[in-house]
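Report on the structure given below.
Order of the sequence lines sets the chain letters (A, B, ...), proteins ahead of strands, with each chain counted from 1.
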Amino acid sequence: MESRYNPASIESKWQQTWAQDGLDRTPQDSDKPKFYALSMFPYPSGNLHMGHVRNYTITDAIARLKRMQGYRVLHPMGWDAFGLPAENAAIDRGVHPATWTNQNIAHMKRQLQQLGFSLDWEREVATCAPDYYKWTQWIFLQFFDAGLAYQKESAVNWDPIDQTVLANEQVDSEGRSWRSGAKVERKLLKQWFFKITDYAEQLLNDLDKLSGWPDRVKVMQANWIGKSIGAYLEFPIVGSEEKIGVFTTRPDTAYGVTYVVLAPEHPLTQRVTSADRKDAVAAFVKEVGEESEIDRTAEDKPKRGIPTGGTAINPFTGEEIPIWIADYVLYEYGTGAVMGVPAHDTRDFRFATDNQLPIKTVIVPEGEDAAKPLEAAYTEAGVMVNSGQFDGTPSVEGKQKVIEYAESQGFGKARIQYRLRDWLISRQRYWGAPIPIIHCPDCGAVPVPEDQLPVRLPEDVDFSGKGASPLAKLENWVNVPCPSCGTPAKRETDTMDTFIDSSWYFLRYTDANNDRQVFDETKVNDWMPVDQYVGGIEHAILHLLYSRFFTKVLRDRRLLNFDEPFSRLLTQGMVQGLTYMNPNKGGKDKWIPSHLVDANDPKDPQTGEPLQRLYATMSKSKGNGVAPEDVVSKYGVDTARMFILFKAPPEKDLEWDDADVEGQFRFLNRVWRLVHEFVSSPKGTKNNGQLTKPEKDLRRAIHTAILEVTEDMEGDYQFNTAISELMKLSNALTDAPCKDSPVYVEGIETLIKLMAPFAPHIAEELWNEIGHSDSVHHQAWLEVDESALVVDEITLAIQVMGKMRGTIQVPANLDKTELEKLARESEVAQKHIAGKEIKKVIVVPNKLVNFVVV
RNA sequence: UACAUACUAGCUCAGAGGUAGAGCAAUCGACUUAAGAUCGAUCCGACGCGGGUUCAAUUCCCGUGUGUGUUACCA
């Protein structure tokens, strides 16, 4: 055995051996319980960064542990390969998106393999491959067939210079196109939507089933869905047949409505405006329309609005009330109109005060009357007053009663409102899965027949970045006969949002090479749900919500039989790098790339100014990244893995620190030396059945380590503390005086096995060196021998009045009376209780005795 | 603004109603021409702040401060 730990040679050696032996392949026929470990698949941007490495290291450690624990493990990898950067590469550099993407995939796959992740590459998927997006299109048709895919006019971001539609992420916070810099306009286009709102209630309720998800992710999803229970009420417009519908959560305040407000965009605005107000209203609408979303919703801004001159009737009181328009009413939410109840809503109160609108109190706290004027809105529950027949009703009950009354009178009903909107899935660009629809002048939107899938992306395309989507310009691709009636028709030229590709990839892994079906029902139901999903918190809402939605729809199509796709979710923290900032500079210039800075004396290389040191998420613009391959070439994969797992709990941000990486490398070196000394010394053969005290102590250390590591890995994966236990065991072995004992052999073997999921290469090498021919990764995980944990003597704490006064050594497992007797007789206790009356004695077996004195 | 979450050694993090703990860093010593590696030893704590419950609170409860994240007028 080499006396020095040389990671480079052992890592490549074992990676080859494992590949040959098929160590990473998913077991096909096995009666073992299943375990599906999954990392969120990456976008093939070209290079693996530390965030990827952290993500996959976590999942890999789990996969390896579960294999040792007797599970058949599915641990696949693939590529979220459609998307904008590929198309930009085409526009900027003239490389075809497919070429660019495939090169990146090849490069990143090689990087992953060098990192030794135990992935089953036979199940690799890439969403841009026709044999994948064929099934994405097939799933779209399932949605279409279920009535869950529909078209609607919708506003898109339109770049007037490039004459093209932009995605939201291509529009900066100033509302300008990232490419042309032009002010983006809103333009109405016919777009495809998925009806996720049909599943809002299920998506909300089933969050309760996700006990293995972090609470904050569930809270974020619940907020996103945003369920409100209330009423829909209609206010007739004076001099018109039309009515203004509003949604309210406070129907109990309906008698306090003193005005109605429309969003400026509301179509009724034109209708209700009186002739003399036309110009003022038009000016106001224009002004608000030009404001950016940010200005309009700024918190400190006063609520602005103007009267339209029109009036409506409060159907509860019969009073005429003015109709206003105001910028604080959002057209996108509810009905785009609200009833104004200044007395009982803070926003309405402020608006009414600013605009001299009447304030009418209709709820009072119990035992008070409505006489005194309000200084602020009273938004709590209370008793209804000034509310006709409802006077005296508690407002909580009043909600339901008012709804019933409105319903009986025909001007309202109960309603549940969600913040969640339908999912706009059309993208006017090339590098995505084409929507498999043909528009026929006679038959309308006709699905492409299944046997004609996939609708392939044409390859000879012009990428100028200008004009309509590249697909729309391809006459011979667009013009096809209608599949239903044969008349000349046109293909849909939009492609699908890439979130659709990633909403079902975890299902495809269970049967990745099936060319006849999207997946085999038995296989998907066998492997799913994913037992442990690992990825970034940035997907807390969109990707995870969409995937849950897809799962429920496909379940209702009877393609699978479970409700939720991911049983347990681990949202890993970011990887942060040491970052230098010049506080005197602004914008991007303030970040000074770390390779330009002397770490001992951080100064701006241009100005000589002192720099601030901080930790920030690694990024190109800050120049604070650490390249995985640099770390690997210096210390090896196992050190990188150990550092990443040890430095922070997985869900927290990780501060990259070279000194700590060094520390992990030293730990692996210590283990290497320990085993090296063990291999080159005579083995213990002594076995007379009776263990000496050092042997007992060492066995206790061994089995404590097994217990702690196993517990740390159960549930929430505390890798950092698990590795800390490995260090303790390693220290115990180093210090052990009984190196010739069979217990020492047990200790060495235990340490290597416990290390295997975290540092797989060195564990395999050491396992091999101590004389085993089978892989350490095939060994069964360790069982705790409870008897080894037993201690003969314990330290008993002596407390007086709850304060620690000292300790005594006593035999373990004495009963309460014996403990009390020993404690009472002890010197420490005597010193503090002598001459005092003992009122009470609390005895906690094997822990402490507490005297309560007068 | 609401919600979530955190606050423990210089740093990163464990911990549990009952003696506060690991790793790294630091300091000193040994070895070395020197450095590194290694070995040995050492140091470190109002458990954010205030109150309550308890025989006993760092741990449970309430309030408060600070940081972070999501959300930003959702009617």
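Per the geometry, CD1 belonging to A:I225 stands 19 Å off P belonging to B:U70, to the nearest Å. Across the protein-nucleic acid pair, A:Q221 atom CD and B:G69 atom P stand 20 Å apart, rounded to whole Å. Going from atom CG of A:D658 over to atom C1' of B:A25 covers 14 Å, rounded to whole Å. Going from atom CG of A:L726 over to atom P of B:C13 covers 19 Å, rounded to whole Å. Here B:A56 presents its C1' atom at 10 Å from NZ of A:K840, a figure rounded to the nearest Å. Taking atom CD of A:E725 as the reference point, atom P of B:C13 lies 18 Å away to the nearest angstrom. Put simply, CE on A:M801 is 12 Å from C1' on B:U54, counting in whole angstrom units. Atom CG in A:D660 sits about 7 Å away from atom P in B:A25, given to the nearest Å.
Pair assignment for B:C24 gives B:G10, based on Watson-Crick or G-U wobble hydrogen-bonding distances that are each under 3.5 Å. Nucleotide B:C74 has no partner under the Watson-Crick or G-U criteria, as no pair reaches both atom distances under 3.5 Å. Judged by Watson-Crick or G-U wobble contacts below 3.5 Å, the nucleotide B:G48 has B:U64 as its partner. Both distances falling under 3.5 Å, in either a Watson-Crick or a G-U wobble arrangement, place B:C39 opposite B:G29.
When only modelled atom types and interatomic distance are considered, A:Y378 and A:E380 share no side-chain donor-acceptor pair under 3.5 Å. Between the side chains of A:W213 and A:D215, no donor N or O sits under 3.5 Å from an acceptor N or O.
Of the side-chain N and O atoms in A:R805, none sit less than 4.0 angstrom from OP1 or OP2 of B:C55. The shortest distance between the side-chain N/O atoms of A:N850 and the OP1/OP2 oxygens of B:U54 is not below 4.0 Å. Considering only side-chain N and O atoms, A:S228 lies under 4.0 angstrom from the phosphate OP1 or OP2 of B:A75.
When the options A:F351, A:W324, A:F235 are evaluated for a ring-ring contact (aromatic ring centres under 6.0 Å, His included) with A:Y259, the one that passes is A:F351.
Closest to the A:Y328 side chain, of the nucleotides B:A14, B:U70, B:C73, is B:C73. Side-chain atoms of A:R666 lie closest to B:C24 of the nucleotides B:U12, B:C24, B:A75. In this structure, the nucleotide among B:C39, B:U19, B:C13 sitting nearest to the side chain of A:A797 is B:U19. Here the nucleotide nearest the side chain of A:L330, chosen from B:C39, B:A4, B:C73, is B:C73. Considering only side-chain atoms of A:R419, the nucleotide from B:U38, B:U71, B:A75 that sits closest is B:U71. The listed nucleotides are B:C24, B:C55, B:C74; the one nearest the side chain of A:R347 is B:C74. With distances taken from any side-chain atom of A:R673 to the nucleotides B:U38, B:C13, B:G18, the minimum falls on B:U38. Side-chain proximity of A:R216 to the nucleotides B:A4, B:G23, B:U70 is greatest for B:A4. The nucleotide whose nearest atom lies closest to any side-chain atom of A:Y333 is, among B:G18, B:A75, B:C24, B:A75. In the set B:U38, B:C55, B:U19, B:U19 carries the atom at the smallest distance from any side-chain atom of A:T807.
Between B:A9 and B:C47, the distance separating the two P atoms is 10 Å to the nearest Å. Rounded to a whole angstrom, the distance from the C1' atom of B:A41 to that of B:G69 is 44 Å. Using P as the reference atom, B:C60 and B:U19 are 15 Å apart when rounded to the nearest Å. The same atom, C1', is picked in B:G65 and in B:C49; the two are 7 Å apart, to the nearest Å. B:C44 and B:A6 have their P atoms separated by 30 Å, given to the nearest Å. Nucleotides B:U8 and B:G67 place their P atoms 15 Å apart, quoted to the nearest Å. If you take atom P in B:U58 and the same atom in B:C7, they sit 15 Å apart, rounded to whole Å. A gap of 35 Å separates the C1' atoms of B:G18 and B:C3, to the nearest Å.
Looking only at side-chain heavy atoms (C-beta outward), A:F284 and A:R304 come within less than 4.5 Å of each other. The shortest distance between side-chain heavy atoms of A:Y331 and A:L262 does not fall below 4.5 Å.
Each of A:T721 and A:M220 was assigned the nucleotide of RNA chain B with the nearest heavy atom; the assignment lying further toward the 5' end belongs to A:T721. If A:K847 and A:L654 are placed on RNA chain B by their nearest nucleotide, the residue sitting closer to the 5' end is A:L654.
Residue A:N731 is in sugar-phosphate contact alone, with no base atom involved, counting any heavy-atom pair closer than 4.0 Å across all strands shown. Residue contacts for A:V219: at a heavy-atom cut-off of 4.0 Å it reaches the sugar-phosphate backbone alone, with no base atom in range. Among the atoms of the strands shown, none is found under 4.0 Å from any heavy atom of A:F851. A:N223 comes within 4.0 angstrom of no nucleic acid atom, judged by non-hydrogen atoms across all strands. Nucleic acid contact class of A:V852 (heavy atoms, under 4.0 Å, all strands): sugar-phosphate only.
Residues A:E677 and A:R673 are not paired through a salt bridge, judged by the lack of any N-O separation under 4.0 Å between the basic side chain and the carboxylate. Salt bridge present: A:E725 and A:K728 bring a charged side-chain N and a carboxylate O closer than 4.0 Å.
Checked against the 6.0 Å centroid threshold, A:Y635 and A:F643 do not count as a close aromatic pair. Aromatic rings of A:F499 and A:W423 (six-membered ring for Trp) have centroids beyond the 6.0 Å cut-off, not under it.
Look at B:A16: its glycosidic torsion is beyond 90° from 0, and that puts it in the anti range.
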